[in-house]
Visitor: 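Once you've had a glance at the structure underneath, I'll fire off some questions.
Here is the naming used below: chain letters follow the sequence lines, and residue numbers restart at 1 for every chain. Since we're looking at a predicted model, the values are computed, not measured.
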2 protein chains.
Amino acid sequence: MSETATKELAEVRWRKLRDLVHEHGILRVEELAAELGVSAATVRRDLAALEASGELRRIHGGAMAPERCAAEPLFDDKTAMAAPEKQRIAEAALTLVGPRDVIYLDGGSTTVALARLLIPFKQLTVVTNSLRVAQVFSNGGPRMILTGGECRLLSQTFVGPLTRAVLDQMHLDIAFMGTIGVSVQQGMTTTDPAEAFTKEQAMARASRIVLLADSTKFGKTSFVRFGTIDQISTVITDKQMPTAERKAFQRAGVDTILV
Amino acid sequence: MSETATKELAEVRWRKLRDLVHEHGILRVEELAAELGVSAATVRRDLAALEASGELRRIHGGAMAPERCAAEPLFDDKTAMAAPEKQRIAEAALTLVGPRDVIYLDGGSTTVALARLLIPFKQLTVVTNSLRVAQVFSNGGPRMILTGGECRLLSQTFVGPLTRAVLDQMHLDIAFMGTIGVSVQQGMTTTDPAEAFTKEQAMARASRIVLLADSTKFGKTSFVRFGTIDQISTVITDKQMPTAERKAFQRAGVDTILV
DNA sequence: GCATAGTTAATCAGATATGCGCATCATTCG
DNA sequence: CGAATGATGCGCATATCTGATTAACTATGC
């Protein structure tokens, strides 16, 4: 309630911070510190808070506006440097695939890693809505079927009602799904309704649903739900998966593979 | 107050890297290092990360854009063959497109050339069954809808019955078609029945059908017919088009554009 | 088939950024 | 007035990034 104008309130600084990052797209910590007249430590604390509420994205040395990375062909919310976990998750996923299965590969960098491992298995049939996955197989590999639909640039996937017409006609042995967030209460969530619709279509056609999600995805909730955890047959993640979530998944009867 | 004294953030460098590779198609590590002002080791690390997320492909000595790395010999041979004519044909085709049209781009190198010209026209809707066309627009461009279907490696297109479900639901202002051969007697022919089926589906939905074919295609006949010349509204070709065919097309009421 | 040149992966050292604990300062409330 | 609460800044330990060096690998020529 007090109006001491000597030092601006934290809320005011946060607002400025949001605007600065929004305007410049990308800024380093020291620039923000100089602009706001506070120390780098404070800026880091602020950035941590704002990242937790999803208003920006922290990167080494600074911060980025989330819509800036949306404009770029970044199709994963996390930095590409988190690759080793994704690679191990993909390798574990490979063991679930039978030699002549029909499998679905959702969009996301983890499924791209899996796709690369699948190139030698020519007897497989891979259904996907991901342009990146299609590129992986464009030199040869399994039989590939693309769902079609409208291209969503951010995720490099084809989504929307048109997808349904294709997916309706097929049966899938395993659907390997990615997600933005997954939690016990909210299930699996993603940012785009059309994306969620297409994910639902694929999962509805699959005998088994396997969620590929590194541990940072757990407890997160995005905008649109596309499934609940009891739909999941198996989840493959890394050892940093929170213990609480782990127990909840066990209770829900979900096989959990930690890599 | 802006100074370039501080080193740019890694994210900025990645963005430049993506743009450079997409622009040049293929680049050496040392060229990238010089352009970005960092060491070759850093470039290699960046390339590894970007490859892991499928945004480019590494090759010995450098990196390639994904749309060029799928070096299907036949497809690229066709690209190299008569490239200047194809470019001029594409430029002529561009003049037929209205600002908010819904157009179909068939597979083939000429349609890829046209697609490149269409990138600035964000208000267009482009429907295609060509992976190459999809890759052209993957960094932004018109609204893009991919038909889906089974991937035919040789032509890098998606074909077959599944395509029908998607195409059935839409209307196209102009369908820009490629072909293997076209003759007055046999009409337009191609090598693959599934490919032909998909071409028929697209043409059936289009108000106008524009054939993009360099002069070497005339008089040739391939395996499967997918249309007759009286279905064609306009044909765009080069000045070496045989005179006999030219007259026959005129008699059939086909507009002929020679470039 | 071997040798050579060029390229890459692995490793280490230096620089920079980050997270955490603690001290300081301001504000609030008893 | 004094203690409690909370925000801020500083210093240090840790983590991450970058560049250089070297060994292993690959492609090409002979």
Visitor: What does A/I59 touch in the nucleic acid at a heavy-atom separation under 4.0 angstrom: a base, only the sugar-phosphate, or nothing?
Guide: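 A/I59: backbone/sugar contact only, no base atoms under 4.0 Å.
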Visitor: Taking the side chain as C-beta and beyond, is there a heavy-atom pair between A/L118 and A/I103 under 4.5 Å?
Guide: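 Yes. Closest side-chain heavy atoms under 4.5 Å.
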Visitor: Whole angstroms only, please: what is the CG-P distance between A/L47 and C/dG19?
Guide: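 Whole-Å distance recorded here is 9 Å.
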Visitor: Rounding to a whole Å, what distance do you find between B/W14:CH2 and D/dT16:C1'?
Guide: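 Going from B/W14 (CH2) to D/dT16 (C1'), I get 12 Å.
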Visitor: Check the distance between D/dT16's P and A/R28's CZ and give it to me in whole angstrom.
Guide: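 Rounded to the whole Å, the gap is 18 Å.
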Visitor: Looking at D/dG9, D/dG19, C/dA17, which one has an atom nearest to any side-chain atom of A/T42?
Guide: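 Among D/dG9, D/dG19, C/dA17, the one nearest the side chain of A/T42 is D/dG9.
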Visitor: Of the candidate nucleotides C/dA17, D/dG9, C/dG19, which contains the atom at the shortest distance from the side chain of A/V38?
Guide: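 The answer is D/dG9.
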Visitor: Of all the nucleotides listed (D/dT18, C/dA17, C/dA9), which has the minimum atom distance to the side chain of B/R45?
Guide: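 Selected nucleotide: D/dT18.
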Visitor: Can you tell if the side chain of A/D192 reaches within under 4.5 Å of the side chain of A/F223, non-hydrogen atoms only?
Guide: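 Side-chain contact under 4.5 Å: no.
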Visitor: Report yes if at least one side-chain N or O of B/R58 is closer than 4.0 Å to OP1 or OP2 of C/dA9; otherwise report no.
Guide: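 Result: yes.
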Visitor: Rounded to whole angstrom units, what separation is found between the NE2 atom of A/H60 and the C1' atom of D/dT14?
Guide: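 Answer to the nearest Å: 12 Å.
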Visitor: Over how many whole Å does the gap from B/D46 atom CG to D/dT18 atom P extend?
Guide: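 Roughly 7 Å, once rounded to whole Å.
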Visitor: Within this structure, what is the CG-CZ distance for the pair A/L94 and A/F176, rounded to the nearest 0.5 Å?
Guide: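 CZ of A/F176 is found 8.0 Å from CG of A/L94.
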Visitor: Do you see a donor-acceptor pair shorter than 3.5 Å between the side chains of B/R152 and B/T191?
Guide: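 There is such a pair (donor and acceptor under 3.5 Å, judged by atom type) between the side chains of B/R152 and B/T191.
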Visitor: Search all heavy atoms of A/L124 against all heavy atoms of A/R100 and return the closest pair with its distance.
Guide: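 Heavy-atom minimum between the residues: CD2-C, 4.4 Å.
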Visitor: Of the candidate nucleotides D/dG9, D/dG19, C/dG19, which contains the atom at the shortest distance from the side chain of B/S39?
Guide: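 From the listed options, D/dG19 comes nearest.
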Visitor: In this structure, how many angstroms lie between the C1' atom of D/dT18 and the CG atom of B/L17, rounded?
Guide: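 Value for this atom pair: 15 Å.
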Visitor: Less than 4.0 angstrom between a side-chain N/O of B/R44 and OP1 or OP2 of D/dT18, yes or no?
Guide: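 It does not, given that no N or O in the side chain of B/R44 lies less than 4.0 Å from OP1 or OP2 of D/dT18.
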Visitor: With the side chain of A/A41 defined as its heavy atoms from C-beta on, choose the nearest nucleotide among D/dG9, D/dT18, C/dA17.
Guide: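 Selected nucleotide: D/dG9.
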Visitor: What is the distance, to the nearest angstrom, from the CG atom on A/L32 to the P atom on D/dT8?
Guide: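 About 15 Å, once rounded to whole Å.
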